[in-house]
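Below you'll find the structure, written out as structure tokens, and then a few comments.
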Amino acid sequence: MELDLRNGRLSLDVPALMGVVNVTPDSFSDGGEHFGTDRAVARGIEMVGLGARIVDVGGESTRPGAPPITVDEELRRVIPVIEQLAAQQVIVSIDTRRADVADRAVQSGASIINDVSGLRDPAMRSVAARHGVAVVIMHMPIDDPATMQQHAVYDDVVASVSGFLAEQMALAREDGVAQVIIDPGIGFGKTTSHNLEILRRLDEIVDLGAPVMVGASRKRFIGERTGSPATSARMPGTLAAHLWAISRGARIIRAHDVAAHTQALGIWQDIAAFDAHTTIPSGTSASHEAVVALGTNLGDRLGYLRFALDELAPVRLVSDVYETGAVGGPDGQAPFLNMVAVVDTDLSPETFLRRLHDIEHRAGRQRTIHWGPRTLDLDLLFHDDVRIDTDELTVPHPRIAERPFVTAPLADVAPRRVPHDSARPGPDIVRLGPIDTL
Ligand code: HH2
């Protein structure tokens with residue numbers, strides 16, 4: 001499962017974290033913390049560093065009782081933040097109920113529209129269709145946060161929510177919206193019992209077929225069940241709700257506490273990967289996405305590349321092959337062949353790295369001359385979006401931006417991962433074409 005976004009593909013094979021940046025003075029969860037453009041941008045960038053793959057930017061609080069704001073005020077809050085985050089290759093979603101705000105936000109670089117009113121407004125559907133962006137359709141019983149709690153009355157809350165989401169999905173598709181994410185709207189016009197029931201039966205919403213997003217972060221039902229009124233004290237309950245949701249098939253988690261979620265999801269993932277027969281629900285996979293750079297300048301260079309790709313299988317994507325002048329090392333080295341592969345693996349970054357070394361070894365590489373000629377060099381560029389900096393391993397690979405022989409093939413298979421400050425490829429980098437044609 002993946003989203004095809006304007007700034008690259010976002011795989012949902014591994015559940016994705018969406019970090020929340022409310023550019024508001026009054027949100028129930030983090031009101032005032034990120035108010036002001038600079039603070040909001042800095043928090044968004046920080047969240048990406050901590051493992052968020054999407055940053056959700058909102059300018060209007062949906063808390064019951066929050067004072068309404070004008071479209072101009074909402075634009076003034078969110079647009080500069082979106083522009084600056086998008087300029088740094090961050091995948092941004094705009095959390096708004098207003099088509100005009102969504103339109104401007106997408107023009108400023110947002111690639112997902114998160115509409116808590118569930119795309120009820122036809123103008124919102126037409127903005128999404130016109131720009132070809134993904135949308136989050138969220139359930140709330142009426143499009144009015146001020147009175148939604150008075151409408152928390154259902155015969156069967158899961159049936160009502162699923163029915164609404166199915167209808168809105170159908171309308172969205174009729175109107176040409178390309179990609180839809182669905183969200184049951186935890187806490188929106190729902191009592192504590194409703195929220196618990198929705199989470200318990202989340203698989204019924206997953207069965208609708210679209211990627212499911214869940215946002216239970218710091219919400220009131222957690223405070224109510226745990227007797228911890230302060231929103232900032234609700235993280236443990238939030239993690240429990242979100243891990244439950246993932247094990248029921250949720251693919252996107254909207255959260256304020258990104259570092260804690262990255263750790264929790266990582267461990268969930270590790271456990272799931274160890275025994276694929278027990279904890280992984282159907283329709284999900286334990287796979288990680290590893291991005292590997294390949295290089296060779298000695299002997300049967302194409303043969304070594306083919307050997308490596310066979311060993312790395314299953315390989316999801318391969319770049320073209322590039323011939324590149326040697327950088328560093330002794331003078332007069334032969335040119336390299338370089339490529340980049342995106343690989344599915346259940347292994348942790350450390351174990352995967354050992355596997356790369358083993359493949360290099362079996363390709364006859366002698367680690368004698370530093371930066372000297374080599375039959376096969378395999379570098380781990382990325383492992384999902386984790387960040388590791390130990391003596392043995394640094395991911396993302398620290399020298400990607402300064403190596404055009406890496407960024408040129410990387411752009412073929414994972415353009416969103418190319419650092420924005422990368423050196424430009426020069427004339428000594430020649431695209432030879434797909435490996436099957438060489
Ligand atoms: N929850 C909130 C806001 N937007 N969007 C989706 N798709 N799903 C959610 O569960 C969701 C959402 C409420 O949380 P927060 O943004 O922290 O508060 P506020 O609306 O007061 O700004």
Side-chain angles (χ1 to χ4, degrees), residues 3 16-35 40 43-44 47 52 54-69 73-74 77-78 81 92-98 101-102 105 110 112-120 124 128 134-141 143-146 148-149 161 164-165 168-169 172 179-190 194-195 198-199 202 205 210-223 230-232 234-235 238 241-242 245 250-258 261:
L3 296 174
L17 259 180
M18 173 187 275
V20 181
V21 173
N22 285 317
V23 199
T24 57
D26 57 350
S27 286
F28 85 94
S29 52
D30 58 359
E33 267 177 48
H34 318 124
F35 199 42
R43 181 65 182 140
M47 283 178 162
I54 306 167
V55 173
D56 191 39
V57 177
E60 180 206 32
S61 172
T62 50
R63 157 181 78 81
I69 58 166
E73 174 62 15
E74 193 177 343
R77 292 180 184 178
V78 296
V81 177
V92 176
S93 72
I94 168 68
D95 184 350
T96 187
R97 299 182 291 144
R98 288 160 160 160
V101 175
I112 301 174
I113 299 172
N114 173 20
D115 178 9
V116 298
S117 65
L119 249 51
R120 281 180 167 91
M124 188 65 108
V135 293
V136 180
I137 299 179
M138 198 198 79
H139 171 271
M140 59 199 282
D143 179 12
D144 181 12
M148 64 187 174
Q149 285 311 111
V161 169
F164 171 84
L165 293 175
Q168 297 307 107
M169 270 164 75
Q179 295 183 83
V180 166
I181 298 156
I182 52 177
D183 181 336
I186 298 294
F188 282 82
K190 285 147 195 127
H194 292 140
N195 294 319
I198 288 169
L199 287 166
L202 195 69
I205 292 165
V212 169
M213 170 162 134
V214 167
S217 192
R218 301 182 180 177
K219 285 194 175 157
R220 191 164 45 101
F221 80 98
I222 295 171
T231 49
S232 57
R234 296 176 187 168
M235 187 169 61
T238 298
H242 283 163
R251 301 278 90 200
I252 303 178
I253 295 297
R254 182 180 183 278
H256 302 83
D257 304 289
V258 173
H261 276 78

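Indexing begins at 1, ligand by ligand and atom by atom, following the structure's order. Nothing fancy with the numbering, it's 1 onward along the sequence.
Near V116, meaning under 4.0 Å from any of its heavy atoms, are these atoms of ligand 1: 4 (N), 5 (N), 12 (C). Proximity to N22 (heavy-atom distance under 4.0 Å) selects the following atoms of ligand 1: 15 (P), 16 (O), 17 (O), 18 (O), 22 (O). Close contacts between ligand 1 and T62 involve ligand atoms 13 (C), 19 (P), 20 (O), 21 (O) [criterion: under 4.0 Å to a heavy atom]. Taking every non-hydrogen atom of D95 and a distance limit under 4.0 Å, the qualifying atoms of ligand 1 come out as 3 (C), 4 (N), 12 (C). Applying the 4.0 Å criterion to heavy atoms of V136 picks out, from ligand 1, the atoms 7 (N).
Residue E60 has no nitrogen or oxygen atom sitting less than 3.5 Å from a nitrogen or oxygen atom of ligand 1, judged on distance alone. For ligand 1, one of its N or O atoms has an N or O atom of G215 under 3.5 Å away. Ligand 1 has an N or O atom lying under 3.5 Å from an N or O atom of N114, backbone or side chain.
Of the possible polar contacts, none joining the K219 side chain to the S217 backbone as a donor-acceptor pair under 3.5 Å is found. With hydrogens and angles ignored, the 3.5 Å screen pairs no side-chain donor or acceptor of Q179 with any backbone N or O of V135. Looking at N195, its side chain never comes within 3.5 Å of a backbone N or O of I186 through a donor-acceptor pair.
Among protein heavy atoms, the minimum distance from atom 21 (O) of ligand 1 is reached at S61 OG, 2.7 Å. Of the protein's non-hydrogen atoms, R254 NH2, 3.2 Å is the one closest to atom 3 (C) of ligand 1. From the protein, the heavy atom lying nearest to atom 14 (O) of ligand 1 is F28 CE2, 3.3 Å. Protein heavy atom at the shortest distance from atom 17 (O) of ligand 1 is S29 OG, 2.3 Å. The protein non-hydrogen atom at the shortest distance from atom 6 (C) of ligand 1 is D183 OD2, 3.1 Å. The protein atom (non-hydrogen) at minimum distance from atom 19 (P) of ligand 1 is S27 OG, 3.5 Å.
A salt bridge does not link D183 to R254: none of the charged side-chain nitrogens sits closer than 4.0 Å to a carboxylate oxygen.
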Test side chain to side chain contact (heavy atoms under 4.5 Å, CB included) applied to V20 and N22, step by step: CA-CA 6 Å; V20 181; N22 285 317; 3.5 Å; yes

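Residues V78 and T96 form no side-chain contact, since every pair of their non-hydrogen atoms from C-beta on lies 4.5 Å or further apart. Between T238 and H261, some side-chain heavy-atom pair lies under the 4.5 Å cut-off.
Paired with R97 under the rule side-chain hydrogen bond (donor to acceptor under 3.5 Å, both in side chains), one option of D143, D144, D115 passes, and it is D143.
Heavy-atom proximity to atom 10 (O) of ligand 1, evaluated over R63, K219, M138, M213, is greatest for K219.
Between H139 and F164, the ring-plane angle classifies as perpendicular under the 30° and 60° cut-offs.
Neither the backbone nor the side chain of R218 has any atom closer than 4.0 Å to an atom of ligand 1 (non-hydrogen atoms only).
With a 6.0 Å radius and a threshold of 12 heavy atoms from other residues, nucleotides or ligands, R220 has its CZ atom at or below the threshold.
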